[in-house]
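FYI, side chains are in, hydrogens and waters are out, and symmetry mates aren't considered; it's all heavy atoms of this structure. Positions are given from 1, in the same order as the sequence printed here. Note that the structure is predicted; figures quoted are calculated from it, not measured.
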Amino acid sequence: MKPGNIIFINGTSSSGKTSVLRAFQNLSAELYLEAGLDKFIWMMPERYLERPLWDDVLGKADRAGETGQALVFSMHRAILALANSGRNLVVDHVLVESAWVRDCVNLFTYMPAYLVGIRCPLEILEQRERSRRNRTLGQARLQFPVIHRQIAYDLEVDTSLLSPDECARQILARLQEPPQAFRHLQQML
C-alpha cells in the first residue's frame with residue numbers, strides 16, 4: 001500500500017495553524033484527516049488540562065513535561081501508522097522541543113511528509129491571543145523564539161500577509177514537488 005501524504009504545519013499558538021489547516025482541507029480535492037497536538041491533548045482526561053497536571057503536559061508552552069513528551073512521541077507514531085495505512089494527514093504541530101524535531105526526522109524522512117512553517121510577527125500573535133478567549137496569554141511569546149529554531153521547511157507562509165485560503169493554495173501548489181525538509185534536517189542533525 002502506498003503511504004499517504006503528511007503535511008506538518010508548525011507555528012506558535014495563535015499563528016493561524018488551524019485556520020490554514022481547515023482551508024487546506026476544504027480546498028484539497030483529496031481527503032486529508034486532521035491530526036495534531038490539540039487532538040491528542042483532548043484525548044487525555046480533563047484533569048490533565050488544569051494545573052498542576054497541565055504543567056507536566058505543555059503548561060510551560062515552550063517545553064513539555066514527561067507526560068507531554070510521551071504524548072508527542074505517541075502522536076508521531078500514530079501519524080506514521082495512519083500514513084502507512086494510506087491515509088493523507090494534515091498535522092497541526094508546535095515543534096518547540098528539539099527532541100520532537102529529531103523524532104520527526106527519524107520517522108518521516110523517507111515518507112511523503114512535508115514541513116510547512118507558519119510565520120507571523122509577535123505583535124500580531126499577541127493581539128490574536130488577547131482576542132481569543134480560549135488561549136493562555138503569553139504562549140505565543142514563549143514559543144516565538146524557539147518554534148522555527150534550526151528547522152528547514154518545504155514551504156513557509158506568513159499569516160499576517162496571506163489569508164488562510166491563500167496559504168492553503170500555496171501548500172497545495174508545493175505538493176506538486178517532492179518533500180525535501182526532513183531530508184535536509186537529517187543532514188543538519
*For Arg149 and Pro145, work out which heavy atoms get closest and say how close.*
CB-O, 4.3 Å

*Distance from Leu21 atom CG to His93 atom NE2, nearest 0.5 Å?*
13.0 Å

*Would you say the side-chain atoms of Ser28 pair up with the backbone N or O of Gln25, donor to acceptor, closer than 3.5 Å?*
no

*Looking at CZ of Phe24 and OG of Ser19, how far apart are the two atoms once the value is rounded to the nearest 0.5 Å?*
15.0 Å

*Counting N and O atoms only, with roles assigned by atom type, does the side chain of Arg174 sit under 3.5 Å from a partner on the main chain of Glu177, one being a donor and the other an acceptor?*
yes

_Can you see whether Ser14 engages Glu129 through a side-chain donor-acceptor pair at a distance of less than 3.5 angstrom?_
no

*asked:* Taking the ring of Phe8 and the ring of Tyr114, is the distance between their centroids below 6.0 Å?
replied: no

*Taking atom types as modelled, is there a side-chain donor on Glu30 or Asn88 under 3.5 Å from an acceptor on the other?*
yes

*Would you say the side-chain atoms of Asp154 pair up with the backbone N or O of Leu115, donor to acceptor, closer than 3.5 Å?*
yes

_Please check: side-chain N/O of Asp92 versus main-chain N/O of Gly36, any donor-acceptor pairing under 3.5 Å?_
no

*Look at the side-chain heavy atoms of Ile, Leu, Val, Met, Phe, Trp and Tyr, link any pair under 4.5 Å apart, and say whether Leu82 and Met111 land in one connected group.*
yes

*asked:* With clusters defined by side-chain heavy atoms of hydrophobic residues (ILVMFWY) lying less than 4.5 Å apart, directly or transitively, does Ile118 cluster with Leu142?
replied: no

*asked:* For residues Leu89 and Leu155: do they belong to one hydrophobic cluster (side chain heavy atoms under 4.5 Å, members Ile, Leu, Val, Met, Phe, Trp, Tyr)?
replied: no

*Check whether Val72 and Ile151 end up in the same hydrophobic cluster, where Ile, Leu, Val, Met, Phe, Trp and Tyr are linked by side-chain heavy atoms less than 4.5 Å apart.*
yes

*Point-to-point distance, once rounded to the nearest 0.5 Å, from CD of Glu34 to NZ of Lys39*: 4.0 Å

_Nearest heavy-atom neighbours spanning Ser15 and Leu125_ = CA-CD2, 3.4 Å

*Take Ile79 and Met75 through the test side-chain contact (heavy atoms from CB on, under 4.5 Å) and record every step on the way to the result.*
CA-CA 6 Å; Ile79 289 165; Met75 176 185 82; 3.8 Å; yes

*Cut-off 3.5 Å, side chains only: do Tyr110 and Gln186 have a donor facing an acceptor?*
yes

*Run the side-chain hydrogen bond (donor to acceptor under 3.5 Å, both in side chains) check on Thr12 and Gln143 step by step: do they pass?*
CA-CA 6 Å; Thr12 67; Gln143 294 168 354; 4.8 Å; no

*asked:* Classify the ring geometry of Phe108 against Phe182: parallel below 30°, tilted from 30° to 60°, perpendicular beyond 60°.
replied: tilted

*Any side-chain donor paired with an acceptor under 3.5 Å for Ser160 and Asp158?*
yes

*asked:* Please evaluate residues Val157 and Arg169 with respect to the criterion side-chain contact (heavy atoms from CB on, under 4.5 Å), reporting the C-alpha separation (whole Å), side-chain torsions for both, the decisive distance (0.1 Å), and the verdict.
replied: CA-CA 11 Å; Val157 294; Arg169 284 188 193 92; over 6 Å; no

*For the side chain of Asn10 and the backbone of His148, is there at least one donor-acceptor N/O pair under 3.5 Å apart?*
no

*How close do Gly4 and Pro112 get, heavy atom to heavy atom, and via which atoms?*
O-CG, 3.3 Å

*Minimum side-chain heavy-atom gap Val105-Leu189 below 4.5 Å*: yes

*Residues in salt bridge (charged side-chain N to carboxylate O under 4.0 Å, His left out) contact with Glu97, at least two apart in sequence or another chain*: none

*Can you tell me how far NZ of Lys17 sits from CG of Leu37, rounded to the nearest 0.5 angstrom?*
8.5 Å

*How many angstroms lie between atom CD of Gln69 and atom CG of Asp103, to the nearest 0.5 angstrom?*
9.5 Å

_Once rounded to the nearest 0.5 Å, what's the spacing between atom CG of Leu71 and atom CZ of Phe73?_
11.0 Å

_Chi angles and distances behind the side-chain contact (heavy atoms from CB on, under 4.5 Å) call for Gln150, Ser98_ = CA-CA 9 Å; Gln150 299 178 352; Ser98 58; 5.9 Å; no

_Minimum heavy-atom separation for Asp165 and Ala23, please, with both atom names._
OD1-CB, 3.3 Å

*In terms of hydrophobic clustering (I, L, V, M, F, W, Y; side-chain heavy atoms under 4.5 Å; direct or indirect links), are Val91 and Leu95 co-clustered?*
yes

*Do you know which two heavy atoms are closest between Phe40 and Ala78, and how far apart they sit?*
CZ-CB, 3.8 Å

*Go through Tyr32 and Asn5 one step at a time and tell me if the side-chain contact (heavy atoms from CB on, under 4.5 Å) criterion holds.*
CA-CA 8 Å; Tyr32 276 81; Asn5 287 336; 3.1 Å; yes

*Give the minimum heavy-atom separation between Leu27 and Ala168, together with the two atoms involved.*
CD1-CB, 3.8 Å

_Thr159 and Arg128: CA distance, side-chain angles, deciding distance, side-chain hydrogen bond (donor to acceptor under 3.5 Å, both in side chains) verdict_ = CA-CA 11 Å; Thr159 59; Arg128 289 176 182 174; 3.1 Å; yes

